J.: 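This is the structure I want to talk about, given as structure tokens.
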Amino acid sequence: MPGPRRRRTKNVADDDTRKINWWVTALIAVCSLTILVPLYLAVVVALKTPDQLTTGTGFEWPNPIRWENFPEAWERTNFSQALMNTAIITVGSVVFTLLTSSVVAYGIARNIHRPFFKGVFFYLLAALFIPFPIIMLPLVKQTSLLGLDNQAGMIVLYTIYGLSLNIFIYTAYIRSIPIELEEAARVDGASTWRVFRQIIFPLLTPMNATVGILTCVWAWNDFIMPLVVLTDPGARTLSLAQYVFQGQFNTDYTVAFASYLMAMAPLLVVYIFSQRWVISGVTRGSIK
């Protein structure tokens, strides 16, 4: 007798009969325009002359193109020095944030059942609801007294103020890592620090990428904190250096937008090369 028929399974990836959700596609297209249109305007303004800027609707492509806006912006903002200052603060903030936030989150995640660690966790989460302007003036006074009104102080501040959100991200991910991995290492004689360094931290690569890019974008683009903390004009960041274009009665928009594009380019390159890690971190965190 012939055996029972096997049900033929259909691979979802090979299913070409699925319909396209045009409503969602249209929504994505509209949302993309909210980013592409301002970006196009920024490029167009950066390539125009002041006379071209005052004529037309603003969407016209400049003819002729004024490339001189970029070297003028470089010179007026002392772009090389401001870029170096911003890079030092950003890289230092990312490195110290990854090291400190991951260690603190590991201690909280593995002891969350204890009242003290649970209290610390909710205490740090409560800091997310405190707006920065409320503590801005006391912060200026404290950084001045402690001698932290410089680049090193900025790195410390970004590391501390990023603890709340970063620990929230790390803790949820670390709790999804099986505890059996650590128990097996402890049986072999590994210490707590060695378990974290050789087992837990390598598994945090997707979350490290996510936290790193968030910290990088924040430290690179921030304007308020460097404005109120830094006292040395030679230590000013890109966001502060670009403030030179804002006059009392007029603004040099063409040169200013050229400076904005130059300041945005390094961060855009970093994000292009790291976006797969960010997406991987978000998806893995949601699956786990």
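What you are looking at is a predicted structure, and each value in this text was computed from that prediction instead of being measured.
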J.: Identify whether L157 and I130 are in the same connected component of the hydrophobic contact network (ILVMFWY, side-chain heavy atoms under 4.5 Å).
T.: yes
J.: In this structure, are over 12 heavy atoms from other groups packed under 6.0 Å from M84 atom CE?
T.: no
J.: Return the set of residues passing salt bridge (charged side-chain N to carboxylate O under 4.0 Å, His left out) with R76 (not counting sequence neighbours), or none when no residue passes.
T.: E72, D252
J.: Within the supplied structure, the quantity of interest is the number of heavy atoms (other residues, nucleotides, ligands) at a distance under 6.0 Å from F96 CZ; does it exceed 12?
T.: no
J.: Answer yes if L165 and F121 sit in the same cluster of Ile, Leu, Val, Met, Phe, Trp and Tyr residues linked by side chain heavy atoms under 4.5 Å apart, and no otherwise.
T.: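 Result: yes, single cluster for both.
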J.: Under the side-chain hydrogen bond (donor to acceptor under 3.5 Å, both in side chains) rule, what pairs show up with a residue in residues 136-145, not counting sequence neighbours?
T.: none
J.: Would you mind listing every side-chain hydrogen bond (donor to acceptor under 3.5 Å, both in side chains) that reaches into residues 88-101, with sequence neighbours excluded?
T.: none
J.: Compare every heavy atom of F59 with every heavy atom of Y40, then report the nearest pair and how far apart it is.
T.: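 Looking at all heavy atoms of both residues, the shortest contact is OH-O, 2.7 Å.
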J.: Taking ILVMFWY side chains as joined if any heavy atoms are under 4.5 angstrom apart, and letting links pass through other members, which residues group with Y253?
T.: V45, L53, F257, Y260
J.: Tabulate below the donor-acceptor pairs under 3.5 Å that side-chain atoms of residues 223-233 make, not counting sequence neighbours, or state none.
T.:
residue: T231; atom: OG1; partner: D149; partner atom: OD2; Å: 3.2
residue: D232; atom: OD1; partner: G234; partner atom: N; Å: 3.2

J.: Is it true that, when you exclude E75 itself, more than 12 heavy atoms of the residues, nucleotides or ligands shown sit nearer than 6.0 Å to its CD?
T.: no
J.: How about V156 and I160: do any of their side-chain heavy atoms sit closer than 4.5 Å?
T.: yes
J.: Fit a plane to each ring of F196 and Y106, take the angle between them on a 0 to 90° scale, and name the class: parallel (under 30°), tilted (30 to 60°) or perpendicular (over 60°).
T.: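 Correct class here is tilted.
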J.: Do you know which two heavy atoms are closest between L83 and P266, and how far apart they sit?
T.: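 Residues L83 and P266, closest heavy atoms: CD1-CG, 4.3 Å.
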J.: Is there a path from F117 to Y173 through hydrophobic residues (I, L, V, M, F, W, Y) whose side chains come within less than 4.5 Å of each other?
T.: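 Yes, same cluster.
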J.: Using the rule that Ile, Leu, Val, Met, Phe, Trp and Tyr join whenever any side-chain heavy atoms are under 4.5 Å apart, tell me whether L163 and L99 fall into a single cluster.
T.: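 Result: no, two separate clusters.
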J.: Determine whether more than 12 heavy atoms belonging to other residues, nucleotides or ligands lie under 6.0 Å from atom CZ of R175.
T.: no
J.: So with a 6.0 Å cut-off around CZ of R197, is the heavy-atom count from everything else above 12?
T.: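 More than 12 within 6.0 Å, yes.
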J.: Which heavy atom of V195 sits nearest to which heavy atom of A190, and what is that distance?
T.: CG2-CB, 3.9 Å
J.: What residues form a salt bridge (charged side-chain N to carboxylate O under 4.0 Å, His left out) with E68, not counting sequence neighbours?
T.: none
J.: Hey, what do you get for CZ (R110) to CD (E182), rounding to the nearest 0.5 Å?
T.: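 Rounded to the nearest 0.5 Å, the CZ-CD separation comes out at 4.0 Å.
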